[in-house]
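Data block below; observations after.
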Amino acid sequence: MPSFQISITPSRRAAARFITGVRRKILKALEEENKKRGLRQTDLARAINVHRSVINRELRGKKDMTIGRAAELGWALGRVPTFDLPERTIQEGSNLPAPAIVTGPSVGVSQANPFARQEPATATTKPLKNVTVRVLDDATV
Amino acid sequence: MATPIELDRGGALFKLEALEQQVQEFRQFYASPDLHKWLSNVLPTMASAYDIEINPLEQFVALSEIFCAGERLTYELQFKPLIHITDGVWELKTQDIRIFGWFHKKDCFIGSVADDATRIKKYRLYHGYANVTTKRFREALDLDNPKYVPGDNPHAVVSNFDYP
């Protein structure tokens, strides 16, 4: 089977997911506040005294967002910015060799955790390659 | 005529295994041989045109995980119809890359070609990639009929999404 995987280091993978998740969460909060009280990017920009184009580029991912800016946007949205670093936990019922499961850090402006998906801490860096079998599926555990 | 899984087994398509093994897959991403080559050889060498901290490869990894895990996508920001060029052709998007393809069924994307978003805009490659490369590949592929979901209704191709 020519199925394939693309792998990056677990740390960079966590970073990419975290950055994407923060932006996603702010966009979601903005969508909710827009429906609730008509809040727009322009209002956020005005509230924190920056140009709307800056906010737009940050929310579209075309400009890096600082931790401080994420908090400012959370504040402007009327939310409470939070940041958590839950301990690694072992997932019950997993068929992976323990203790492989971690939960990512979370930050955000609402209750939902964008990092509900868990990933193994034992993942290794490997170049892109074809994968013919998924070894753990066949392993005797 | 064959299913995407059969085409994957035969080497006509490459199924992306984007998720860790304990994670349930809710959407499928298949790549053409050309797209597979591009993802393998070109994407890892690309730098972001926006000088942002996640490079195009990392952007794709994040998008493919979100996509395959069935997490919420954002219409137009992460997937967008190109029906004005070719019926049923969509693009998956990150900040720096565009992936052209179609949905064989809801939540089953088949990508035919990808490129640097800046380059696509600069050289106006949308028409060529959508109407020539993707359409020809779709027509030539021995895929079960109907080969693609027609139209530009996001509800018909992706579950769990919202608007920006």
Side-chain angles (χ1 to χ4, degrees), chain A residues 1-10 12-21 23-25 27-28 30-32 34-35 41 56-66 91 93-96 100-102 112 114-120 122-123 127-131 134-137 139, chain B residues 5-24 28-31 33 35-37 39-41 43-44 48-66 68-74 76-78 93-96 117 162-164:
Chain A
M1 285 173 58
S3 301
F4 69 109
Q5 293 177 317
I6 293 180
S7 295
I8 57 177
T9 64
R12 290 308 303 166
R13 181 179 173 158
R17 290 281 285 159
F18 183 73
I19 292 165
T20 306
R23 190 179 307 116
R24 178 74 192 81
K25 207 159 189 178
L27 280 169
K28 179 70 182 159
L30 178 58
E31 183 200 6
E32 290 168 359
N34 178 268
K35 280 181 186 164
Q41 284 187 15
N56 183 262
R57 279 185 290 138
E58 288 176 342
L59 291 180
R60 296 182 76 87
K62 296 184 175 177
K63 183 178 186 307
D64 285 333
M65 186 185 297
T66 64
Q91 185 182 27
S94 170
N95 59 355
L96 285 179
I101 312 302
V102 300
F115 299 101
R117 203 179 72 67
Q118 296 178 318
E119 60 184 335
T122 52
L128 182 69
K129 61 180 184 181
N130 292 345
V131 174
R134 305 197 69 175
V135 177
L136 288 175
D137 287 348
Chain B
I5 294 171
E6 290 166 340
L7 292 171
D8 171 61
R9 288 182 184 141
L13 289 177
F14 290 73
K15 185 174 187 293
L16 175 65
E17 301 288 351
L19 304 173
E20 295 298 336
Q21 296 185 359
Q22 76 278 16
V23 181
Q24 173 68 50
Q28 291 89 47
F29 182 107
Y30 290 90
L35 176 58
H36 174 253
K37 252 183 240 172
L39 292 169
S40 305
N41 303 325
L43 182 60
S48 173
Y50 302 101
D51 196 27
I52 52 177
E53 60 180 314
I54 51 173
N55 65 37
L57 176 63
E58 293 164 348
Q59 294 167 24
F60 177 74
V61 167
L63 175 65
S64 62
E65 283 188 18
I66 290 167
C68 292
E71 293 178 28
R72 186 166 291 225
L73 292 167
T74 306
E76 288 195 336
L77 211 58
Q78 293 175 312
K93 305 168 64 177
T94 74
Q95 296 92 325
D96 283 294
D162 56 27
Y163 296 91

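All values below were derived from every heavy atom in this structure, side-chain atoms included, with hydrogens, water molecules and symmetry-related copies excluded. Quick note on labels: first sequence line is chain A, next is B, and so on, each numbered from 1. Predicted model only: the values in this text are computed from it and were never measured.
The two atoms that bring B:I52 and A:G61 nearest to each other are CD1-O, 3.3 Å, heavy atoms only. Smallest separation of non-hydrogen atoms from B:E53 and A:R12: O-NH2, 3.0 Å.
Interatomic distance, B:Q95 CD to A:K63 NZ, rounded to the nearest 0.5 Å: 13.5 Å. From B:E58, atom CD reaches atom OG1 of A:T20 across 9.5 Å, with rounding to the nearest 0.5 Å. Taken to the nearest 0.5 Å, the CG atom of B:D96 stands 8.5 Å off from the NZ atom of A:K62. Note: B:I54 CD1 to A:F18 CZ = 12.0 Å, rounded to the nearest 0.5 Å. Residue B:L39 holds its CG atom at 4.5 Å from CD1 of A:I6, rounded to the nearest 0.5 Å.
Per-residue heavy-atom pair counts under 4.5 Å with chain A were compared for B:D51, B:D162, B:L77, and the maximum is reached by B:D162.
Annotation: side chain of B:E71 is not in contact with side chain of A:R24 (no heavy-atom distance under 4.5 Å). Using a 4.5 Å heavy-atom cutoff, the side chains of A:R17 and B:I66 are in contact.
When heavy atoms are compared at a cutoff of 4.5 Å, B:L57 approaches chain A solely by way of its side chain, counted from C-beta outward. At a 4.5 Å heavy-atom cutoff, B:N55 makes no contact with chain A through either its backbone or its side chain. Heavy-atom distances place the side chain of B:F60, and not its backbone, under 4.5 Å from chain A.
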